[in-house]
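Worksheet: one structure, shown below.
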Amino acid sequence: MPEQVQPAQVQPDWLQEGSKHLWLPYAQMRTAPTPLPVLRAEGARLYLADGSSLVDGIASWWTQAHGYNHPHIRDSVSAQLGKLAHVMLGGLANEPAMTLATRLAKLAPGDLDHVFFCESGSVSVEVAMKMAIQYWINRGTRGRTRFVSFRHGYHGDTMACMSICDPDEGMHGHFKGYLPEQIVVPLPRDAAGEAAFNDMLDRRGGEIAGIIVEPLVQGAGGMKFHDPSVLRFLRQAADARGQLLILDEIMTGFGRLGTMFASEQAGIVPDIMTLSKALSGGTLPLSATIARRHVFEAFLSDRAETALMHGPTYMGNPLACAAANASLDLFEREPRLAQVAAIERQLRTDLEPCRALKGVVDVRVKGAIGVVELDRAGEGTWLRPHFLKRGVWIRPFGNIVYLAPPFVIDELDLRQLTSAVTEVTALWSRERA
Ligand SMILES: *Cc1c(COP(=O)(O)O)cnc(C)c1O
């Protein structure tokens with residue numbers, strides 16, 4: 001039996017006091033429900049203050065590749081904490097950061113060899129954009145300051161990142177007019193789309209610093225999928241015109257789609273790649289912007305002003321890098337990618353019944369992501385309590401109900417998630433569709 005959740009009955013003091021002061025993410029604070037108090041987490045389960053547990057269907061925003069509280073990551077971070085919790089990266093080196101840069105350079109496709117660390121995904125995208133703009137300046141080309149990005153894209157919440165998100169689907173409509181104007185176009189999925197895209201590049205190429213895309217799955221902008229052929233086309237279109245291609249692998253990186261990086265499935269190498277989310281195994285904030293050799297070399301000269309002028313205070317934090325090194329150990333030692341393949345098979349079978357429901361417009365699965373798309377947005381408030389009643393943590397957004405569990409989830413816990421999705425969607429279909 002799924003455990004019952006009754007958040008109203010158990011409210012620790014810290015929750016009541018803190019709720020008066022803590023400003024929640026993406027929430028209307030007047031009506032936002034009090035968040036659920038999580039005391040600990042293990043594997044795919046969250047343990048709440050009232051003694052119940054929830055199976056986590058979204059892996060804390062897709063970060064928990066190895067499940068919560070993995071002993072190897074915990075031990076590595078503890079050992080590092082005993083020696084050196086933090087030291088600045090300006091002028092001082094720490095072993096976990098150097099080792100992680102070396103390992104990421106080896107792991108990343110092609111000659112993506114130069115690693116710049118930040119603390120959040122958004123900032124790693126900001127750095128990628130700065131790199132691309134300065135790449136052209138350093139090469140003596142002026143006026144290349146705009147980015148080409150795509151409908152349904154999501155690249156983060158900071159200012160430059162907002163400017164390359166989908167302007168309508170995104171959560172940033174208010175800032176139109178304030179943000180730099182970018183070139184946001186549909187993903188070229190067929191011959192007509194490709195022709196229109198090439199035409200745009202030919203007309204506006206001189207303004208463009210780079211093309212940025214989330215490979216294979218556009219995440220927070222609507223969980224839209226595309227084929228590897230789209231990425232191969234973008235690579236060719238960029239190469240033919242000397243444009244930079246940036247892949248934002250913040251969500252797709254580290255196995256989520258069945259390969260370490262999504263770009264591997266297209267056999268392409270981007271000029272710049274951003275990573276975060278599962279980079280530290282979901283334990284500490286960390287991100288990386290990784291550049292190919294030719295991008296890095298554009299910053300080398302005898303003049304100080306061609307250097308990349310960026311340096312977050314906590315960049316290369318030893319604890320976060322120790323966690324990431326431990327996470328990479330686990331990818332080497334444990335069958336993560338096979339687990340993703342098994343999750344993919346089960347999601348395909350288990351979610352299929354949703355397709356026949358009235359009000360469901362699509363069911364799709366790629367890697368460890370399963371999506372049920374509804375015919376209308378804004379149903380989250382109705383859906384969420386029904387999920388909690390079934391002992392699962394699932395957070396629909398827009399018109400999307402999705403699962404992206406930790407890779408270590410077992411068959412039964414995954415079935416609890418998929419049953420909850422099929423049951424609740426069926427209920428929604430009967431009562432609301
Ligand atoms: C989450 C995400 C970001 C932003 O990362 P934050 O750590 O939330 O700043 C950027 N791009 C993609 C594709 C993401 O999924």
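All figures in this text were calculated on a predicted structure; none of them were measured in a lab. Keep in mind that the numbers below use all heavy atoms, side chains included, and drop hydrogens, waters and symmetry copies. For ligands, and for the atoms within them, numbers begin at 1 and follow the listed sequence.
- Neither the backbone nor the side chain of Trp61 comes within contact range of ligand 1; no heavy atom lies under 4.0 Å.
- Close approach of ligand 1 to Gly156 is summarised as follows: ligand atoms under 4.0 Å from at least one heavy atom of the residue are 4 (C), 10 (C).
- Residue contact check: Trp62 has heavy atoms under 4.0 Å from atoms 15 (O) of ligand 1.
- The backbone N or O of Tyr154 sits less than 3.5 Å from a side-chain atom of Glu214, completing a donor-acceptor pair.
- For ligand 1, the atoms sitting less than 4.0 Å from at least one non-hydrogen atom of Glu214 are 13 (C), numbered in the order shown with element in parentheses.
- Contact record, Phe296 with Ala291: N-CB, 4.5 Å, taken as the closest heavy-atom pair.
- Ser419 places no side-chain N or O within donor-acceptor distance of the main-chain N or O of Gln416, the cut-off being under 3.5 Å.
- Smallest separation of non-hydrogen atoms from Ala420 and Phe387: O-CE2, 3.6 Å.
- Closest to atom 7 (O) of ligand 1, if we only count protein heavy atoms, is Gly121 N, 2.8 Å.
- Taking the six-membered ring for Trp and thresholds of 30 and 60 degrees, His70 and His66 have ring planes more than 60 degrees apart, a perpendicular arrangement.
- Here Tyr26 and Phe397 keep their ring centres 6.0 angstrom or further from each other.
- Listed for the Asp271 side chain is a donor-acceptor partner under 3.5 Å among the backbone atoms of Leu245.
- Nearest protein neighbour of atom 14 (C) of ligand 1, counting heavy atoms only, is Lys277 NZ, 3.0 Å.
- Under a 4.0 Å criterion applied to the non-hydrogen atoms of His155, ligand 1 contributes the atoms 10 (C), 11 (N).
- If you number the atoms of ligand 1 from 1 as listed, the ones under 4.0 Å from a heavy atom of Met251 come out as 15 (O).
- Nearest protein heavy-atom neighbour of atom 8 (O) of ligand 1: Ser122 OG, 4.4 Å.
- Scanning all protein heavy atoms for the shortest distance to atom 11 (N) of ligand 1 gives Asp248 OD2, 2.7 Å.
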